[in-house]
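All heavy atoms count here, side chains included; hydrogens, waters and symmetry mates do not. Computed from a predicted structure; not experimentally measured. Residue numbering restarts at 1 for every chain, and letters A, B, ... go by the order of the sequence lines.
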Amino acid sequence: MKNFITLLPPPNITGSLHIGHYFNWALQDFLIQYKKAKGYKTEWILGLDHAGIATQYVVERKLAEKGESRKELGREKFNEKIQEWKIEAEELIQKQVDNFKFDMNWNVRHFTMDEDHQKRVREAFVKLYKDGLIEKKLKITNWDTKCKTAISDLEVIEKVEKSKIYIIEYKAENKEEESLYVATTRPETIFADVALCLNPEDPRAKKLEGKKFLIPLINKAIPVILDELCQADKGLGVLKVTPAHDSLDNEIGEKHKLELISIINEEGKLYNTIKELDGLTIEEAKKEIIKIFKENQINYEEKEWEGIKKYTEKSGVPLEMILTEQWFLDVSTMAKQALENIEEVKFYPEYLKNTFKNWMINIKPWCISRQIWWGHQLPIWYTKEGEIICETTKEEAANKAKVDKEELKQETDVLDTWFSSALWANLTEEKIDVLITGKDILFFWVARMIMFSLYLYNKNPFKKLYFNGIVRDKNNEKMSKTKGNVINPIELNEKYGEDALRFTLLKNTAGNKDIKLNEKEVELSRNFITKIRNAETFLTKYMNKNYKENENLDSWIETKIFEYKQEIETNIEEYEFQKAAELFYDLMWNHYCNWYIEGLKENPSTKAINYFYEILKIGQPFLPLTIEKILPKENKKITITKKETNFEKVIKITKFLRKIKKHSDIKTFYIEFEEKLIENYTKIKNEKTSNFAIILEQEKIFIEKEHIEKVKEAIEKENKELEKERLELTKKIETAKSVPNNIVEEWKNRNKNTEEKLEEINQLKKLIK
RNA sequence: GGGUAUAUAGCUCAGCGGUAGAGCAUUACGUUGACGUCGUAAGGGUCAUAGGUUCGAUCCCUAUUAUACCCACCA
């Protein structure tokens, strides 16, 4: 038996599951059910993520409500509190999972802090460290002043905001020289300035290079340096260089070997400045320094400014760049390996593979340490002498260092949550058939899993990657608690019944794009489910059991089932869920209910119920709960094949008669072909009252004289259209020069058809006269 | 600033070199065998704009516009 493995993106233990989870899970559940029915042994790898910063943030906030803080509690007690929270959160998630009703065994699941995963993480770290890819460095890092931890570049969000920009005068050390004016949005950082920078092309550059200028207030002299990183057209073309608190400045600083002066501490407060400002927060200091400028008659100008401001993703406070010691993972080798192996992975949608590649090409070292308490502590031990030992356990570290293990102190930092997630694909040794996840975590998670798996396990973890869109509200806005437009999947399921939301989402996945979810759509799915239930009621309770032979109709629906089944399966295999859903909808509602069941009313068939069950089997992954209730545990298996049928003729004749009926009060017609069926479909009596006959589909249809005029009208329009088409086609064929033969042949055939039809109509017209 | 995706009927979206499609909504008619209604039918489109390639473009190319997202060090 073949295996089918899929990996659930583990939800965070920070809170409840939302419609995004429901959608993502529904896609996976759909595939699982489909593959199961196909005879595969399926495995859905489930789990939860400890979500380091996010969880710690939530728990700290809860503590703050009670007037407690993590510092008071200490690391051990605090982690106990987090464990309590975890249990609470798990219960909540459990309830939701139960309500989601997916085909999963939630009791069998992993957790990123499980002992075996901790081991996996430690081993990975040690290997990477010993390979020389992990290094501790004093560097400026993105800093979250609320959670007091470093964060990665990916956890930074940017917003365009209106604020103020200040133009500040830096006087020349040599009083004869003219002052330089610097535009900055951060006047509070002048104390960390170590240079002023100009672009080498700047006309002032040659004259000023090496000259010294004074930092306002403290009158410290700093030199002018030249670097093309300073752009002449930005600001006033003069950059104040604060290498300890700005990444561009840091780069310039490194190039010119400038001193790093740190003035912002881990709490986001100033130190090492002047006594009026030390201890103030950035925002406070910004206001205060302007006051001080005024008091000291420092020349400055204030202007309105619109620019990008950075915030931390998790706690939402302004981002600071500060100087700290952090652990960095050099991912360049891994990225190279990932690039070499990515072609064998199929991406849905394909264009994301390029996004993936571009990211890999431009990848930068990853800051993997976090100064929080909840997470995987780094397997790094320090000896009394300050030697760094990296081993998976304290015992091993002690052995290696040849010291008593009580002498070793473990690094207090924990790993970025995504470091442990990066190993999530290695919960199984086998290749995962498909990972279905959101595109927002392509870099955070998917890319890193691929890199880690290739480097550490020499294995490409995935065969296919499917990125689902975001579920948005009916106005195409992202759902958020603050906007109040959040749709709760469980509430929707309660309102519209089981499977309605699931079907709606599957039917609207439209090429991995975001889904605009309108409740109206869910209502339509509900109606579809009702239709199916009613069909069942009709077939089992109301259908006339007085069966007659009904080969034509049966053969037709059987052929339809055969064709649709194939097409639906092809679409599912290509992950075209929306097309598959539409096909199933069409087969069930249009073909089976509207034509077949309507036909049964005249001609009940013993096979009707079997056909119904066959269609349900096809649709089972779309509406598993509904269909499970209807499908009997054991039902007679019937073979579905393509069969000869002339039912299409019935449809054509029916549609023709309906058209006539629409425009007249026709009461009778006469035909000697499937008359009962047509009578039933058209609700026109089959009774010979006239000798006027028209020929359609090689069948004679007799219609009363008085309705002939209406027939004329009905066909006149068709006639016009046909003539127009013939004209166009003839012209096309005549003017065709460099058109391939097969195309011309096709046109000719079509033209022949048109002419035949026109001939039919002409005959008809003659007859009517 | 760079990149990617999207632009087709009132709405949600298919199609993607050779007759513009579906579902919903609208309108009309009809529902004495199932219908948390259902059925039948009709109307509705310069396929974002402008060029180009081609015998032929909604489809390919180029530019423009709009929207969304991603990346980047902008004072």
Side-chain angles (χ1 to χ4, degrees), chain A residues 153-154 158 165-167 182-186 197 229-231 233-242 246-252 305 307-308 321 349 351-352 354-355 358-359 362 364 439-440 442-443 469-470 472 474 476 478 496-497 504 507-518 520-521 523-524 526-544 576 578-579 582-583 585-586 589-590 593-594 597-598 600-602 604 654-655 658-659 661-663 680-683 721 724-725 728-729 732 735-740 742-744 746-747 750 754:
Chain A
D153 291 344
L154 291 176
E158 292 172 346
I165 191 164
Y166 301 90
I167 295 161
V182 175
T184 179
T185 51
R186 305 211 55 183
C197 186
L229 284 172
C230 173
Q231 295 175 27
D233 56 336
K234 293 288 160 75
L236 298 172
V238 188
L239 190 65
K240 68 192 241 341
V241 185
T242 53
D246 182 279
S247 49
L248 175 68
D249 295 9
N250 188 264
E251 210 178 319
I252 295 173
W305 170 252
I308 286 165
M321 302 290 292
Y351 73 82
L352 280 181
N354 282 332
T355 314
N358 284 335
W359 190 70
N362 300 316
K364 286 181 182 165
K439 23 182 172 270
D440 51 333
L442 170 60
F443 303 141
I470 299 169
R472 291 163 176 272
K474 64 179 172 205
N476 209 18
K478 265 191 191 168
Y496 293 102
T504 308
K507 201 163 160 269
N508 287 284
T509 49
N512 308 65
K513 277 181 278 191
D514 291 353
I515 295 184
K516 235 186 248 187
L517 184 66
N518 196 332
K520 180 82 193 163
E521 295 284 334
E523 210 178 308
L524 294 172
R526 190 264 324 269
N527 290 353
F528 179 49
I529 293 164
T530 310
K531 185 80 182 171
I532 294 174
R533 293 224 189 88
N534 277 313
E536 189 214 6
T537 316
F538 175 78
L539 291 166
T540 53
K541 294 198 183 116
Y542 294 85
M543 189 172 66
N544 187 351
E576 301 275 4
Q578 70 290 356
K579 279 184 205 160
E582 275 166 19
L583 285 166
Y585 184 93
D586 186 39
W589 200 320
N590 187 25
C593 292
N594 291 357
I597 290 192
E598 265 333 289
L600 287 182
K601 288 175 182 171
E602 196 41 54
T654 301
K655 287 195 169 175
R658 276 173 182 166
K659 217 179 256 177
K661 196 186 171 195
K662 176 93 184 167
H663 300 283
N680 181 49
Y681 286 135
T682 58
K683 308 262 191 275
E721 277 166 15
K724 200 179 146 199
E725 198 184 327
E728 275 171 13
L729 277 170
K732 258 181 172 177
T735 55
K737 280 176 201 162
S738 346
V739 183
N742 56 332
I743 304 278
V744 180
E746 205 189 302
W747 289 346
R750 228 163 59 207
T754 319

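- Look at the P atom in both B/rA41 and B/rC60: the space between them is 35 Å, to the nearest Å.
- Closest heavy-atom contact between A/Cys197 and A/Cys230: O-SG, 3.4 Å.
- The residue A/Asn518 sits apart from the nucleic acid: no heavy atom pair falls under 4.0 Å.
- Within 4.0 Å of A/Lys516, counting heavy atoms only, lie sugar-phosphate atoms of the nucleic acid but no base atom.
- Pairing of B/rC60, defined by two Watson-Crick or G-U wobble distances under 3.5 Å, is identified with B/rG52.
- When rounded to the nearest whole Å, the span between CG of A/Asp440 and C1' of B/rA68 equals 14 Å.
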Taking only nitrogen or oxygen atoms into account, show me every contact under 3.5 Å that the protein makes with nucleotides 22-31 of chain B, one pair per line with its distance.
from: B/rA28; atom 1: N3; to: A/Lys662; atom 2: NZ; distance (Å): 3.0

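- Nucleotide B/rG39: paired with B/rC29 (Watson-Crick or G-U wobble, both distances less than 3.5 Å).
- Between A/Lys655 and B/rA42 there is no side-chain N or O to OP1 or OP2 distance below 4.0 Å.
- B/rU46 shows a glycosidic angle within 90° of 0 and is accordingly assigned syn.
- When all heavy atoms of A/Asn594 and A/Tyr681 are compared, the pair lying nearest together is O-CE2, 4.4 Å.
- Heavy-atom minimum distance, A/Gly469 versus A/Lys439: CA-NZ, 4.3 Å.
- Atom CH2 of residue A/Trp359 and atom CG of residue A/Leu352 lie 14.0 Å apart, to the nearest 0.5 angstrom.
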message: If you apply the rule side chain to side chain contact (heavy atoms under 4.5 Å, CB included), what do you find for A/Leu229 with A/Leu239, and how did you get there?
response: CA-CA 10 Å; A/Leu229 284 172; A/Leu239 190 65; over 6 Å; no

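- Atom-to-atom, CD1 of A/Ile470 to C1' of B/rU6 comes out at 14 Å; the value is rounded to the nearest Å.
- With C1' as the reference atom, B/rU31 and B/rC38 are 7 Å apart, rounded to whole Å.
- In this structure, the separation between OG1 on A/Thr530 and OH on A/Tyr496 is 12.0 Å, given to the nearest 0.5 Å.
- When the C1' atom is compared between B/rU67 and B/rG51, the two are found 23 Å apart, to the nearest whole Å.
- Of all heavy-atom pairs between A/Leu517 and A/Thr504, the closest is CD1-CG2, 3.9 Å.
- B/rC73 and B/rA5: their P atoms are spaced 23 Å apart (whole Å).
- Nucleotide B/rA66 has B/rU6 as its partner under the Watson-Crick or G-U criteria, with both atom distances under 3.5 Å.
- Annotation: B/rG43 and B/rC29 have their C1' atoms spaced 14 Å apart (nearest Å).
- Rounded to a whole Å, the CG atom of A/Asp514 is 14 Å from the P atom of B/rA7.
- Taking only side-chain atoms of A/Asn534, from C-beta outward, the nucleotide of B/rG36, B/rG33, B/rA41 with the closest atom is B/rG36.
- Following rounding to the nearest Å, A/Ile515 (CD1) and B/rC11 (C1') show an atom-to-atom distance of 16 Å.
- The heavy-atom pair separating A/Lys478 from A/Arg472 by the smallest distance is N-NH1, 3.8 Å.
- Remark: the backbone N or O of A/Met321 is not paired with any side-chain donor or acceptor of A/Asp246 at under 3.5 angstrom.
- A distance of about 24 Å separates the C1' atoms of B/rU19 and B/rU53, rounded to the whole Å.
- Within the shown strands, B/rC71 is the pairing partner of B/rG1 under the Watson-Crick or G-U definition, both distances less than 3.5 Å.
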Find every protein N or O atom lying less than 3.5 Å from an N or O atom of nucleotides 71-75 of chain B, and list the pairs.
from: B/rC74; atom 1: N3; to: A/Gln231; atom 2: NE2; distance (Å): 3.4
from: B/rC74; atom 1: N3; to: A/Lys234; atom 2: NZ; distance (Å): 2.9
from: B/rC74; atom 1: N4; to: A/Lys234; atom 2: NZ; distance (Å): 2.5
from: B/rA75; atom 1: OP1; to: A/Trp305; atom 2: NE1; distance (Å): 3.4
from: B/rA75; atom 1: O3'; to: A/Thr185; atom 2: N; distance (Å): 2.9
from: B/rA75; atom 1: O3'; to: A/Thr185; atom 2: OG1; distance (Å): 3.4
from: B/rA75; atom 1: O2'; to: A/Ala183; atom 2: O; distance (Å): 2.2
from: B/rA75; atom 1: N7; to: A/Lys234; atom 2: O; distance (Å): 2.5
from: B/rA75; atom 1: N7; to: A/Gly235; atom 2: N; distance (Å): 3.1
from: B/rA75; atom 1: N6; to: A/Gln231; atom 2: N; distance (Å): 2.8
from: B/rA75; atom 1: N6; to: A/Gln231; atom 2: O; distance (Å): 2.1

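- Across all strands shown, B/rA20 forms no Watson-Crick or G-U wobble pair with both key distances under 3.5 Å.
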Report, one pair per line, the protein and nucleotides 15-19 of chain B atoms (nitrogen or oxygen only) whose separation is under 3.5 Å.
from: B/rG15; atom 1: OP1; to: A/Lys579; atom 2: NZ; distance (Å): 3.2
from: B/rG18; atom 1: O2'; to: A/Trp747; atom 2: NE1; distance (Å): 3.0
from: B/rU19; atom 1: OP2; to: A/Arg750; atom 2: NH1; distance (Å): 3.1
from: B/rU19; atom 1: OP2; to: A/Arg750; atom 2: NH2; distance (Å): 3.2

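- Contact annotation: A/Asn594 reaches the phosphate of B/rG39 (side-chain N/O to OP1 or OP2, under 4.0 Å).
- B/rU46 and B/rC70 have their P atoms separated by 35 Å, given to the nearest Å.
- Within the 4.0 angstrom heavy-atom criterion, base atoms lie near A/Glu598.
- Checked against B/rA5, B/rC38, B/rG33, the side chain of A/Tyr351 finds its nearest nucleotide in B/rA5.
- B/rA72 sits 25 Å from B/rA66 when the P atoms are compared, rounded to a whole Å.
- The OH-P distance, from A/Tyr681 to B/rG39, rounds to 14 Å in whole Å.
- Listed nucleotides: B/rG3, B/rC38, B/rG33. Nearest to the side chain of A/Asn358: B/rG3.
- In this structure, A/Leu600 and A/Leu539 have side chains that are in contact, with non-hydrogen atoms separated by less than 4.5 Å.
- For the atom pair CZ (A/Arg526) and NZ (A/Lys520), the distance works out to 9.0 Å, reported to the nearest 0.5 Å.
- With A/Asn508 as the partner, the side-chain contact (heavy atoms from CB on, under 4.5 Å) test is satisfied by one option alone out of A/Glu521, A/Gln578, A/Lys513: A/Glu521.
- Rounded to whole Å, the distance from CG on A/Asn590 to C1' on B/rA41 is 14 Å.
- Using a 4.0 Å heavy-atom cutoff across all strands shown, A/Leu539 reaches no nucleic acid atom at all.
- Ring planes of A/Phe528 and A/Trp589: parallel class, angle under 30° (limits at 30 and 60°).
- Remark: A/Lys531 NZ to A/Ile529 CD1 distance equals 14.0 Å, nearest 0.5 Å.
- Among the protein residues, A/Lys541 comes within range of no part of the nucleic acid, since none of its heavy atoms lies under 4.0 Å from any strand.
- Here the nucleotide nearest the side chain of A/Asn508, chosen from B/rU12, B/rA34, B/rC69, is B/rU12.
- Taking CD1 of A/Ile252 as the reference point, atom OG1 of A/Thr242 lies at 9.5 Å (rounded to 0.5 Å).
- When both pairing distances are held under 3.5 Å, B/rA34 makes no Watson-Crick or G-U pair with any nucleotide shown.
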